[in-house]
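Quick note on labels: first sequence line is chain A, next is B, and so on, each numbered from 1.
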2 protein chains.
Amino acid sequence: MSFSTKGEYGVRLMVQLGRHYGAGPASLAEIATEEALPRPYLEQLVMSLRDAGLVVSTRGAHGGYELARAPEEIRMADILRALEGPIAPMICASEDEAPDHQHACDRTARCSVNLLWVRIRDAISGTLEGMTLADLVPQRTSLVEPQPAARTATTPEPLGV
Amino acid sequence: MSFSTKGEYGVRLMVQLGRHYGAGPASLAEIATEEALPRPYLEQLVMSLRDAGLVVSTRGAHGGYELARAPEEIRMADILRALEGPIAPMICASEDEAPDHQHACDRTARCSVNLLWVRIRDAISGTLEGMTLADLVPQRTSLVEPQPAARTATTPEPLGV
DNA sequence: ACTAATCCCGACGGAATCACTCGGAATTCG
DNA sequence: CGAATTCCGAGTGATTCCGTCGGGATTAGT
């Protein structure tokens, strides 16, 4: 039960882009150095992020990548979905299932276990939907005027245990 | 981002044991047939469950496995931890970390990303802690005298999204 | 126009993990 | 005794992960 390095590296990449936000494109070489990650590998990750419309690229010398919109406007759910695919702790609880169509599991009497995976999926996507990239970017002191209300407001609720 | 078949098959195994609860040990051969799963594979899964104290075994002829306690008393969190190891969406957010000791990640300035993984971890373990095996066992009609109060009582609440 | 920087993109490969299988020893019931 | 069953470690084919490699296209500076 864990995310792959795609998710990890990709999020770290996005956080770096969040720090550079508003200061023009940042090259992959810079980011790879700052985060001590293999640049060729980041290349394929950033492709997914670009295809998802989360970052925009500038080609040529002094080119690079930058966020497509403000960190506050980018939900972590979108980032991780772009990197890891649909959030599904189990095949029979994927997000992109044809809702009326068959489940993958036609096992023993309507698969009561499905409830479990659906609950887990909703818990994950719920917290991911409630966080934005801004929650992870170490304080962007005085770049855009900080609005501390937003950060606490996004937190859903303490969630029982 | 998904659980392995260990989690899936193991949970299904436990649900079957939940149905047989109170009726003596059930052999793996039975369960493998009922769920259409490879019996030799279930063998290694049930070992983990036994080591975790969730099931008890009876050796020899007419032996088998049964739940160590009532389905209402077995949290899904315990089952999945036994099967899949500690719940950790990322290495730097494992449940069994030495809290005062180092994090695995000493990356760029105290790893603000860690917050993300911790939130996800807590969301997962929260829902898992709030569910018991009884929530997944299709109604235990008239095996042991049914107590419908317990079944609805264990269900925590609809859980927002 | 040339060069250096950078993104773009597909293919390849070693290593790890997954999802089992196999064979047999130990234990218990009839 | 013999059949049923748990116990347990070792082995294995396929798949996925985690990158690497090589080169092509695009742009800024000079």
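Remark: the A:Y41 side chain and the A:T5 side chain contain an N/O donor-acceptor pair separated by less than 3.5 Å.
Nearest to the side-chain atoms of A:Q44 among the listed nucleotides C:dA11, D:dT6, D:dG24 stands C:dA11. Of the candidates C:dA26, D:dC8, C:dC8, C:dC8 carries the atom nearest the A:S57 side chain, counting heavy atoms from C-beta on. When distances are taken from the side chain of A:P38 to each of D:dG19, C:dC7, D:dG29, the shortest belongs to D:dG19. For A:T5, whose side chain is taken as the heavy atoms from C-beta onward, the closest listed nucleotide among D:dC18, C:dC29, D:dT6 is D:dC18.
Under 3.5 Å, the side chain of A:E43 and the base of C:dC7 form no donor-acceptor pair of N or O atoms.
Both A:S4 and A:A61 lie near DNA chain D, and the one whose nearest nucleotide falls closer to the 5' end is A:S4.
For B:R75 (side chain) and B:M131 (main-chain N/O), no donor-acceptor pair under 3.5 Å exists by modelled atom type.
Between the C1' atom of C:dA19 and the CZ atom of B:F3 lies a distance of 18 Å, rounded to the nearest Å. Distance B:L28 CG to C:dT27 P: 19 Å, rounded to the nearest Å. Atom-to-atom, CZ of A:R50 to C1' of D:dT26 comes out at 13 Å; the value is rounded to the nearest Å. If you take CZ of A:R59 and P of D:dA28, they are 12 Å apart, rounded to a whole angstrom. Atom C1' of nucleotide D:dC17 and atom CG of A:L45 are separated by 12 Å, given to the nearest angstrom. One interatomic measurement links the two molecules: CG of A:D51 to P of C:dC7, which rounds to 15 Å at whole-angstrom precision. Rounded to an integer number of Å, the gap from A:M47 CE to D:dG24 P is 16 Å. Atoms CG (B:L42) and P (C:dA19) sit 13 Å apart, rounded to a whole Å.
Relative orientation of the B:F3 and A:W117 rings is tilted, given thresholds of 30° and 60° on the angle between their planes.
Between D:dC21 and A:Y41, no contact under 4.0 Å exists linking OP1 or OP2 to a side-chain N or O. Look at B:T58 and you won't find any side-chain N or O under 4.0 angstrom from OP1 or OP2 of C:dT28. For A:Y9 and D:dC17, the shortest distance from a side-chain N or O to OP1 or OP2 is not below 4.0 Å.
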(Q) For a salt bridge (charged side-chain N to carboxylate O under 4.0 Å, His left out) check, start with the C-alpha distance between A:E84 and A:K6, then their side-chain angles and the critical distance, and finish with the verdict. (A) CA-CA 7 Å; A:E84 302 260 355; A:K6 281 185 198 150; over 6 Å; no
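The shortest distance between side-chain heavy atoms of B:L49 and B:M14 falls below 4.5 Å.
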